**Student:** 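Before I ask anything, let me first share the structure, which is written out below as structure tokens.
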2 protein chains.
Amino acid sequence: MAKGILDNNENYQPGLSIDCVIFGFHDNQLKVLLIKAPYEDKWSLPGGFVPIDQDIDTAAVTVLNLRTGMEGIFLRQFATFGRVKRNDNHFEKAVLAHFNILEEDGKWFTQRFVTIGYYALVDFLKAIPHKENSTEIIEWIDHKEVPDLILDHKEILDKALNTLRIELNLMPIGYNLLPEKFTIPELQKLYETILDRKLDRRNFLRKITNIGILTKLDEKKSNVAHKAPNLYTFDKDKYEEVLKNGLNQGW
Amino acid sequence: MAKGILDNNENYQPGLSIDCVIFGFHDNQLKVLLIKAPYEDKWSLPGGFVPIDQDIDTAAVTVLNLRTGMEGIFLRQFATFGRVKRNDNHFEKAVLAHFNILEEDGKWFTQRFVTIGYYALVDFLKAIPHKENSTEIIEWIDHKEVPDLILDHKEILDKALNTLRIELNLMPIGYNLLPEKFTIPELQKLYETILDRKLDRRNFLRKITNIGILTKLDEKKSNVAHKAPNLYTFDKDKYEEVLKNGLNQGW
């Protein structure tokens, strides 16, 4: 967080922030990007304020870039959090003290804040946070080993994960998260990791095939002792089409 | 809208509003609740500001009640709208002029506003707006005959309808919208009205039966010439259970 924002606030929408939940998948691991500021003993989601001249979707990109240096990540809005008690006196006082700002000068920062949540799912080996001259720690942390978070950030994270799981029923997933050529068991593992439960092999094969986004290659996975599984790739055009129109598994 | 809010603003969260999209269903008609203020030539969604001491979910209930007199309606947050250009000088000036407020005194009202959208689906014969001493017109209007709306309210309405359609894939619907005893064709009509497309009769029967929320009654619909269809009712316990856990038609 930059000191300027705390006392020079005309350039930001009052009482409104954005928090980003960036999920990272690779090799059957689901992680989440968290930040720890030197003046806090808890971790936080990468968040920040809304520039007065930016649409909120643009502001989300700005916020993520400012906090993590990351660019080109497609962020989706999922919910807005606005309990009165989500503000936390302890956290706010610690921030002001760290920047040597008197409480009376930091009223813009200590007012009630409502926050808009955005999330993304990326490959954590490809999406690498980079901050120069930052005293903050930025880390990919396993989603099952999330430490104590500030404010209501745990609630925001849980809601984002729940949204991601629901999205699995509405749109395809996997592009940019798996190698170009992959096996059905690898794709199934991606779903199982996000859903945190085992799926029936035949059922999964039937459903994923029915969507029509896979191209079966005339190749088998090597380095496998016996019964080498077939390799597949995404049919990019069909994938994009389903992404646009939804899975339509419904009525 | 009350004049007090426009110039006595300390009791409200700055730059944040709530807009409610209330869908009403009855007898195969889908309507939406719209308001027309005397000082505007366009209609609007029932909306308002966020009391500084209320959680946003509570504020949504307050806003709907203030604008329509309606109570006891379950509102679901669906998205937040924050394009910079969503504000509309014309609309704001008309409101200030109507209340005889100078532009310099109405700065709280003319600042940039981000709005949180909430929606509900009710029976429009049961949920009746009532406002005493109001100069506003409140009406249930067919969702296909929506007139010009202020600001980005058309976009908000479209997004709410899209969300409602997606929700059909995630949870059961119909309780409180159909008579206590209903036929499968009546239930199918509800889905078709919301989705705005015909559904295959057998497919629908199979899917709706599989969810396990229907109880087949030992009665047939009367007043039907021949082939009287069976009557059903919702199994309330199972309905609530599925509502809680989701349809799980997914993976």
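By convention in this document, chain letters (A, B, ...) are assigned in the order of the sequence lines, proteins followed by strands, and residues within each chain are numbered from 1. Computed over heavy atoms, backbone and side chain alike; hydrogens, waters and symmetry mates excluded. The model shown is predicted, which means the values in this text are computed figures rather than measured ones.
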**Student:** Any chance you could measure B:Leu170, atom CG, to A:Ile166, atom CD1, to the nearest 0.5 Å?
**Tutor:**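 The distance works out to 6.0 Å.
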**Student:** Of all residues at least two apart in sequence or in a different chain, which pass the side-chain contact (heavy atoms from CB on, under 4.5 Å) check with A:Arg206?
**Tutor:**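 Scan of A:Arg206 (side-chain contact (heavy atoms from CB on, under 4.5 Å), adjacent residues dropped) gives A:Asn203, A:Asn210.
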**Student:** Is it true that, when you exclude B:Glu240 itself, more than 12 heavy atoms of the residues, nucleotides or ligands shown sit nearer than 6.0 Å to its CD?
**Tutor:** yes
**Student:** Is there a side-chain contact between A:Pro14 and B:Gln13, using heavy atoms and a 4.5 Å cut-off?
**Tutor:**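 A side-chain contact is absent here, since even the closest heavy-atom pair is not under 4.5 Å.
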**Student:** Would you indicate whether A:Gln29, at its atom CD, is surrounded by more than 12 heavy atoms from other residues, nucleotides or ligands within a distance under 6.0 Å?
**Tutor:**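 Atom CD in A:Gln29 is packed in, count exceeds 12.
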**Student:** Counting only heavy atoms closer than 4.5 Å, note whether A:Ala59 contacts chain B via side chain, backbone, both or neither.
**Tutor:**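 Contact with chain B is absent: no heavy atom of A:Ala59 under 4.5 Å.
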**Student:** Is chain B contacted by the side chain of A:Phe81, its backbone, both, or neither, given a heavy-atom distance below 4.5 Å?
**Tutor:**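 Just its backbone gets close to chain B.
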**Student:** Show which side-chain atoms of residues 51-58 of chain A pair as donor or acceptor with protein atoms under 3.5 Å away, not counting sequence neighbours.
**Tutor:**
unit_1: A:Gln54; atom_1: OE1; unit_2: A:Thr62; atom_2: OG1; d: 2.7
unit_1: A:Gln54; atom_1: NE2; unit_2: A:Thr62; atom_2: OG1; d: 3.4
unit_1: A:Asp55; atom_1: OD1; unit_2: B:Val84; atom_2: N; d: 2.7
unit_1: A:Asp57; atom_1: OD1; unit_2: A:Tyr118; atom_2: OH; d: 2.5

**Student:** Under the side-chain contact (heavy atoms from CB on, under 4.5 Å) rule, what do B:Arg112 and A:Val50 come out as? Steps first, then yes or no, please.
**Tutor:** CA-CA 11 Å; B:Arg112 175 182 176 187; A:Val50 179; 4.0 Å; yes
